[in-house]
There are 2 protein chains.
Amino acid sequence: MGRWEPGARGRLLDAALQLFAEQGYDATTAAQIAAQAGLTRTTLFRHFADKREILFQGQSELVSAVTAGVGSAAGEATARELLRAGIAALCAAHVPEQQEIGRRIKRLVAVTPELQERTAFKRSVLTAALEAALATRFADRRLAGALADLGIRAYYDGFWAWTDLRRAEPLADVVLQELDALEGALRNALKRT
Amino acid sequence: MGRWEPGARGRLLDAALQLFAEQGYDATTAAQIAAQAGLTRTTLFRHFADKREILFQGQSELVSAVTAGVGSAAGEATARELLRAGIAALCAAHVPEQQEIGRRIKRLVAVTPELQERTAFKRSVLTAALEAALATRFADRRLAGALADLGIRAYYDGFWAWTDLRRAEPLADVVLQELDALEGALRNALKRT
DNA sequence: GTCTATACAATGATAGAC
DNA sequence: GTCTATCATTGTATAGAC
């Protein structure tokens, strides 16, 4: 099952996913995870600031991806096009293996408040990064925030749906379609009477 | 400075706000907070599940408020009107004292990752509650989510702005005005070419 | 029913050796 | 990079005092 890279971080992720699924997050100690990965507790904490972070590694690359995606859009792009450029870059930062890993993480998060908290924080960091990137391209800070919420919602809802797919569909297809649907629903609801 | 109720929870909040401001969140132990409030560490943890929760007490009432607000709107209310009913109820759940307390909490959150995490979690819980309440009143789950994001953004941005005001303005005035502005910006950006 | 005393497991930090 | 060892603190559990 070691389909992740053989580095320490990858082995720790594999070990954590297995032990959390068997015993639950709280009942699994950092020492157990380290032992299962052939390391010691101290080494685990050299790689990850805390136990939760084992499951959320690679999230900082997503911030870079979304920022770069917005930044590389054409100069005359509209606000909506800038948003789509950022979200598409976010999706491109994922590899197909995340489909199964994401599915397993989703099950754990659903039953673990500590992981829900970290999930919410990561989402807020990503939203803030997208908002900041958009705000460098057009003046309206309020619009940047509202569009960031919309895009990140499409990304998360699309991502979780993607992890449930059995075939290998590009993540961007699922997410951008979700974004279309969200935009349509909002446009309709905000219409002036 | 004990302008909060004389109960244990209020005294602990006062003590925590003071000590966190002086020493920082991490450098302040639970025992210090308890001692400052004339209690012991054990009693602190009887009142609050963890150290962060001292600052976020009363948040569960906000969930009740937003749910009740949406639920009590007129039967023929539009989606936008339902949203405004929920947000208005949220604002009504605050007392003027929160203006100063919120200002002090904002400063602490800005420099403390642990508190940022809890803030993000509370926001996500509130968003989910609003989304669920809206979804009971109209069928479109996507619209419920997108409108919840919009309303909660107006609430938070408005709330932080409100804490900086020196006069005693109703919170709802600030927040609903923010919501108007957000709706206008989005409506314009989502317009079909 | 609110408060306290005490013991306990686990996290996360730290300093130093291989 | 990895390890051993030690440490303060959080948060839990359980007992009992006022």
Side-chain angles (χ1 to χ4, degrees), chain A residues 2 4-57 59-60 108-109 111-119 121-122, chain B residues 2 4-20 22-60 108-109 111-119 121-122:
Chain A
W4 197 260
E5 63 184 44
R9 287 180 156 82
R11 293 206 313 276
L12 286 165
L13 173 60
D14 269 344
L17 281 173
Q18 184 190 327
L19 291 171
F20 289 166
E22 288 171 8
Q23 314 174 338
Y25 174 86
D26 290 316
T28 304
T29 69
Q32 287 178 305
I33 300 168
Q36 175 92 359
L39 297 169
T40 60
R41 205 185 77 99
T42 313
T43 308
L44 186 159
F45 282 116
R46 275 182 41 79
H47 284 284
F48 300 105
D50 58 67
K51 216 170 93 181
R52 305 183 186 76
E53 206 60 19
I54 304 171
L55 298 182
F56 291 93
Q57 55 182 294
Q59 285 274 62
S60 53
L108 291 171
V109 170
V111 298
T112 316
E114 275 187 272
L115 296 179
Q116 291 164 22
E117 199 157 346
R118 181 57 55 91
T119 300
F121 181 59
K122 294 292 187 180
Chain B
W4 197 259
E5 61 184 45
R9 288 179 156 83
R11 293 206 315 276
L12 286 165
L13 173 59
D14 270 342
L17 280 173
Q18 183 189 327
L19 291 171
F20 289 166
E22 288 171 7
Q23 315 174 337
Y25 174 86
D26 290 316
T28 304
T29 68
Q32 286 178 307
I33 300 169
Q36 177 90 2
L39 297 169
T40 61
R41 206 184 75 100
T42 311
T43 308
L44 187 158
F45 283 114
R46 276 182 41 78
H47 283 284
F48 301 106
D50 57 67
K51 214 171 95 181
R52 304 181 182 85
E53 206 60 20
I54 303 170
L55 298 181
F56 292 92
Q57 55 183 291
Q59 285 274 62
S60 54
L108 292 171
V109 170
V111 297
T112 315
E114 275 187 272
L115 296 178
Q116 291 164 20
E117 200 158 340
R118 181 57 54 92
T119 300
F121 181 60
K122 294 292 188 180

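Proteins come first, then strands; the chains are lettered A, B, ... in the order of their sequence lines, and each starts at number 1.
- Between the CG atom of A:D50 and the P atom of C:dA10 there is a distance of 17 Å, rounded to whole Å.
- Note on B:A49: only backbone sugar-phosphate atoms sit closer than 4.0 angstrom, heavy atoms only; bases stay farther off.
- Here the P atom of nucleotide D:dC18 and the CG atom of B:L39 are 17 Å apart, to the nearest Å.
- Taking the side chain of A:K51 as heavy atoms from C-beta on, and the options D:dT2, D:dG11, C:dT11, the nearest nucleotide is C:dT11.
- B:F48 places its CZ atom 14 Å from the P atom of D:dT12, with the value rounded to the nearest Å.
- Between the CG atom in A:L55 and the CZ atom in A:R118 there is a gap of 10.0 Å [rounded to 0.5 Å].
- Between A:H47 and D:dT2, a side-chain N or O to OP1/OP2 separation shorter than 4.0 Å is present.
- A donor-acceptor contact closer than 3.5 angstrom is absent between the side chains of A:Q57 and A:E53.
- Remark: P of C:dG12 and CD1 of A:I54 are 10 Å apart, rounded to the nearest angstrom.
- Protein atom CZ of A:R41 is 16 Å distant from nucleotide atom P of D:dT2, rounded to whole Å.
- A:T29 comes within contact range of the sugar-phosphate backbone alone, with a heavy-atom separation under 4.0 Å but no base atom that close.
- Nearest to the side-chain atoms of A:A30 among the listed nucleotides D:dG11, C:dT11, C:dC3 stands C:dT11.
- A distance-only check finds no donor-acceptor pair linking the side chain of A:Q36 to the backbone of A:I33 [under 3.5 Å].
- Summarising the geometry, the separation between CD1 on B:I33 and P on D:dT10 is reported as 8 Å, rounded to the nearest angstrom.
- Atom CZ of B:R46 is separated from atom P of C:dA5 by 14 Å (rounded to the nearest Å).
- Here the shortest heavy-atom pairing between B:P113 and B:V111 reads CD-O, 3.8 Å.
- You'll find the side chain of B:R11 reaches within 4.5 Å of the side chain of B:L39, heavy atoms only.
- Counting to the nearest Å, the C1' atom of D:dT10 and the CD atom of B:E117 are 15 Å from each other.
- Distances were taken from every side-chain heavy atom of A:T42 (C-beta onward) to each of C:dT11, D:dT4, C:dA7; the shortest belongs to D:dT4.
- The phosphate of D:dC3 (OP1 or OP2) has a side-chain N or O of A:T40 nearer than 4.0 angstrom.
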